[in-house]
Amino acid sequence: MTDEVLAEGYGGYAVSGYDPDVPGRQTVTVSYTVADRTRTAAFHVEVLDQPVAGDITSTTGRCGT
């Protein structure tokens with residue numbers, strides 16, 4: 001995967017599937033579109049009842065077109 005530079009007039013992103021007020025496993029999806037091409041990445045996160053300092057764990061990640 002390579003970095004992409006967004007040209008002026010393009011950009012923005014959408015995040016869906018995440019609710020910080022609902023404990024449990026969630027799938028966060030992030031997507032953006034440039035020149036009619038959409039890129040999407042999905043990540044599984046575990047929302048805890050209470051925050052735990054310094055405890056960030058990535059369980060799975062997937063990028064695709």
Side-chain angles (χ1 to χ4, degrees):
M1 185 172 171
T2 60
D3 291 337
E4 294 186 35
V5 176
L6 300 179
E8 187 174 328
Y10 294 93
Y13 61 91
V15 177
S16 63
Y18 174 68
D19 186 340
D21 297 321
V22 178
R25 185 177 172 95
Q26 300 179 32
T27 301
V28 179
T29 303
V30 180
S31 62
Y32 69 92
T33 302
V34 174
D36 297 324
R37 186 168 185 167
T38 301
R39 299 286 187 174
T40 302
F43 306 91
H44 295 287
V45 297
E46 184 76 24
V47 177
L48 304 176
D49 287 328
Q50 297 179 14
V52 178
D55 186 20
I56 299 175
T57 303
S58 173
T59 57
T60 236
R62 178 183 70 219
C63 293
T65 55

> Step by step, would you call H44 with Q26 a side chain to side chain contact (heavy atoms under 4.5 Å, CB included)?
Replying inline: CA-CA 6 Å; H44 295 287; Q26 300 179 32; over 6 Å; no
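Considering OG1 of T33 and OH of Y13, their distance stands at 14.0 Å, rounded to 0.5 Å.
Counting all heavy atoms, side chain and backbone alike, P20 lies closest to V47 at O-CG1, 3.6 Å.
Among residues two or more places apart in sequence or in another chain, the side chain to side chain contact (heavy atoms under 4.5 Å, CB included) test is passed with V28 by V15, Y18, V30, V45.
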